[in-house]
There are 2 protein chains.
Amino acid sequence: MNRKATALDVAKLAGVSRSAVSLVLNGRGNGNVASSSQQRIRDAAAALNYSPNRIALSLRNQQSGVIGIVSDQVVTSPFDGNIIAGADAVARSQGFVTLVMDTESDITRDESAVETLLDRQVDALMYVTVGLRPLHVPQNMARVPSILANCFDDRPDAGVPAVIPDEVRGGREATEHLMSLGHRDIAFLAGDSLTPAAPRRIDGYRTAFAAAGLPVDEDRVRQVGWDTDTGFHGAMKLLDGVQPGNRPTAILCANDRLAIGVVLACYRLGLDVPQDVSVMGYDDEFRIASTMVPALTTMALPLREMGAEAMTALLAEVAASPNERHDDGASTSGVNAAEVASSAATSMVRCQLVVRNSTGPVPAGR
Amino acid sequence: MNRKATALDVAKLAGVSRSAVSLVLNGRGNGNVASSSQQRIRDAAAALNYSPNRIALSLRNQQSGVIGIVSDQVVTSPFDGNIIAGADAVARSQGFVTLVMDTESDITRDESAVETLLDRQVDALMYVTVGLRPLHVPQNMARVPSILANCFDDRPDAGVPAVIPDEVRGGREATEHLMSLGHRDIAFLAGDSLTPAAPRRIDGYRTAFAAAGLPVDEDRVRQVGWDTDTGFHGAMKLLDGVQPGNRPTAILCANDRLAIGVVLACYRLGLDVPQDVSVMGYDDEFRIASTMVPALTTMALPLREMGAEAMTALLAEVAASPNERHDDGASTSGVNAAEVASSAATSMVRCQLVVRNSTGPVPAGR
DNA sequence: TTGAAAGCGATACCAC
DNA sequence: GTGGTATCGCTTTCAA
């Protein structure tokens, strides 16, 4: 537990000055330091297992190499986690580190989380949510480059870019997959309207029907919630005691857990999936969708991709922004602000259809 | 995006020196600074929305207030996430922040993750794994106080304390719950032996049988894997085409996803849960176990608790350790090393039985 | 009661 | 080619 070696230790051991050490170790030795000294410095550094103190570096460079992430719930959900994982991988590949503050869905902790991060001199901020949702970005977020992942600020002048999944398209393509199998009577168990995800997916569903020239039977669209039990009961209402000819031939679910409930209900009723009823999920939840019986056809949320894309955009902004050093850059920062504003668009990432075994051709005669 | 105010700005605005600002804002104003100045300083600080730069503070105090966490997979699993959440909550309550590095299960990244964290001057390190498992702690971890959560170092002289779930007891108490409902023919679908979790839970199962004076039917213990589909097929082998009198009356699963598979199999066979067969999970996976149909009786892994306990112990060590300042403390550090070694024990956290609706009394006549 | 100065570790400029 | 020195923001003596 002894202290780490500092540049001064290396300098002493090599018999040179700190500056020489700094130059050599940062690749600017040639032309500045005698090659004999260079070698001694390198040897000394290796011997002492030297690596620079990032804290000191941060102070000196006014650049911490830390990206702050505010999350409303890393904890319990694999969703957020995957977004953050995607973001972190990109950050790491560029020498940054991510510092996550979880507010555990307590909005009053938003500001203070950002404050804490800002005090620690993060170079940029990302706000990540578990479910797609609108929010008002904390005031103080504007002090550094920022981006939203899986959420968006619905105020017209918010000016913070966002990366979200293209839910409308996802809903449409999911529906189209079922239609391509011959299904026309497709029920949609659709979560609730507490987040925009379900409504948007429903929009996509309607779009698909419209494109196919088919009417939507409103009774087939039911916002039941997001969990297995609500999926179960929703499916029961749709299927139990209903004549085979009046059953929907496919049930599209707003997430995979609902789909599990639907499959449970089918089995309980002696119905085969997908022979009698096709069931489709959404999210492609890790270790859930792929190992179901039958394995779930689903629409994968591009979580890692969203995180990666958001971080890529964010780091580009960090690189572009006038390093915050007081290089009297009033003029340049004007230019930069314009750039930022223009790029403060919302980027939509496409969901990916994953075909497995829970969907099949429509039963004969339907 | 303008720069944050520094202590110097505050001093200027209040018409005093930096030192005065520091003293007052750290509560050592009385007796050192005139109360009129104190007020002016406080006003100035508030006006400028001043808060100290933690980077500068860290450098100055040789204490970063950051706890490094190395995780093998935060990402995909809600498990790790909960451990980290528990740890983070404790850390935050004591003014620390956690910096997580995910190795994505790539062991070769262990050392470098620790190195990165160490370069950033973390005050302590925690190593967290998704599944309970033995490991060799990275060499360089020893440079700061460290602890393991959900994993342990099986070398006798490792000397790093660990916090793990008491799996043997969990397995026993799960089995005892079923026995208390009258079950005697209890099958155990038990994951695999790639991690110590399944074997330990099986140990607990055997312990319960031994305590009840009952023999274990070895054919009832099957290590099938950890996923829904393996649970489904495992249950099928146990139940399909078997005379009711020869069926196990209860199936204990090594995790909740297996239990889902078992319930699916039961429904498919026209068996009711828990009327015909009791099914029990393990883990109490968030949003999975509680919303199943029927809601799963399960043995909850104490994830948050483990994280919290590990962090509490770790911070205690940080507080106790001679602040790493070069207070020529060769002697005291000797004492401290002894303390550490003595406390390098493994702490077992108890799993919690959660009774829901998937277990019930043994069918009449069995 | 106040302010000047040292130093935490590293870098970069600028005299030598 | 080389090493002294200012600087990043803050705390903490110490001298006035």
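- Each of C/dG9, D/dT12, C/dT11 was ranked by its minimum atom distance to the side chain of B/Ser22; first place goes to D/dT12.
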Could you check A/Ser37 against A/Arg40 for side chain to side chain donor-acceptor pair (under 3.5 Å), going step by step and ending with a plain yes or no?
CA-CA 5 Å; A/Ser37 303; A/Arg40 263 180 301 133; 3.1 Å; yes

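- Inter-axis angle, ends of the helix from C/dT1-D/dA16 to C/dC16-D/dG1, five pairs per end, rounded to 10 degrees: 70°.
- Distance CG (A/Asn53) to C1' (C/dT11): 13 Å, rounded to an integer number of Å.
- Using a 4.5 Å cut-off on side-chain heavy atoms (C-beta onward), B/Ile67 and B/Leu314 make contact.
- A/Leu59 places its CG atom 17 Å from the P atom of D/dA6, with the value rounded to the nearest Å.
- You'll find a donor-acceptor pair under 3.5 Å spanning the side chain of B/Ser19 and the base of C/dA4, going by distance alone.
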Which donor-acceptor pairs under 3.5 Å do side chains of residues 134-141 of chain A form with protein atoms, sequence neighbours excluded?
residue  : atom : partner  : partner atom : Å
A/Asn140 : ND2  : A/Glu111 : O            : 3.4
A/Asn140 : ND2  : A/Glu111 : OE1          : 3.3
A/Asn140 : ND2  : A/Glu115 : OE1          : 2.8

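- Counting only N and O atoms by type, the side chains of B/Ser58 and B/Gln121 include no donor and acceptor under 3.5 Å apart.
- Checking A/Leu23 against A/Leu8, the closest nucleotide of DNA chain C that is more toward the 5' end is the one next to A/Leu8.
- Residue B/Ala7 is in sugar-phosphate contact alone, with no base atom involved, counting any heavy-atom pair closer than 4.0 Å across all strands shown.
- Look at CZ on A/Arg120: it is 17 Å from P on D/dG9, rounded to the nearest Å.
- Of the candidates D/dT13, D/dC10, C/dT11, the closest approach to any side-chain atom of A/Arg60 belongs to C/dT11.
- Between the CG atom of B/Asn61 and the P atom of C/dC8 there is a distance of 13 Å, rounded to whole Å.
- For B/Leu8, the CG atom is densely surrounded, since the number of other residues' heavy atoms within 6.0 Å is greater than 12.
- Of the residues listed (A/Asp110, A/Thr103, A/Asn150), the one engaging A/Tyr127 in a side-chain hydrogen bond (donor to acceptor under 3.5 Å, both in side chains) is A/Asp110, and it is the only one.
- Side-chain atoms of B/Ser105 come within 3.5 Å of backbone N or O of B/Asp72 as a donor-acceptor pair.
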Please walk me through it: do A/Arg155 and A/Asp157 pass salt bridge (Lys or Arg N to Asp or Glu O under 4.0 Å)?
CA-CA 6 Å; A/Arg155 291 168 301 182; A/Asp157 58 339; 5.3 Å; no

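- Nucleotide D/dC8 holds its P atom 17 Å from the NZ atom of B/Lys4, rounded to whole Å.
- Following rounding to the nearest Å, A/Asp119 (CG) and D/dC8 (P) show an atom-to-atom distance of 19 Å.
- No engagement by A/Val21 is indicated, since no non-hydrogen atom pair under 4.0 Å with the nucleic acid exists.
- Rounded to whole Å, the distance from CZ on A/Arg54 to P on C/dT11 is 10 Å.
- Only one option out of A/Leu57, A/Asn26, A/Leu25 pairs with A/Pro52 in a side chain to side chain contact (heavy atoms under 4.5 Å, CB included); it is A/Leu57.
- A heavy-atom distance below 4.0 Å to DNA chain D is reached by these residues of residues 25-38 of chain A, ordered by number: A/Gly31, A/Asn32, A/Val33, A/Ala34, A/Ser37.
- Checking the phosphate oxygens (OP1, OP2) of D/dT7, no side-chain nitrogen or oxygen of A/Gln62 falls inside 4.0 Å.
- Across D/dC8, C/dC8, C/dT11, the shortest atom-to-atom separation from the side chain of A/Arg18 is found for C/dT11.
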Start with the C-alpha distance between B/Val97 and B/Arg92, add both sets of side-chain angles, then the distance that settles side chain to side chain contact (heavy atoms under 4.5 Å, CB included), and finish with yes or no.
CA-CA 6 Å; B/Val97 128; B/Arg92 193 183 53 241; over 6 Å; no

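- Spacing between atom CD1 of B/Ile55 and atom C1' of D/dT11 amounts to 16 Å, rounded to whole angstrom units.
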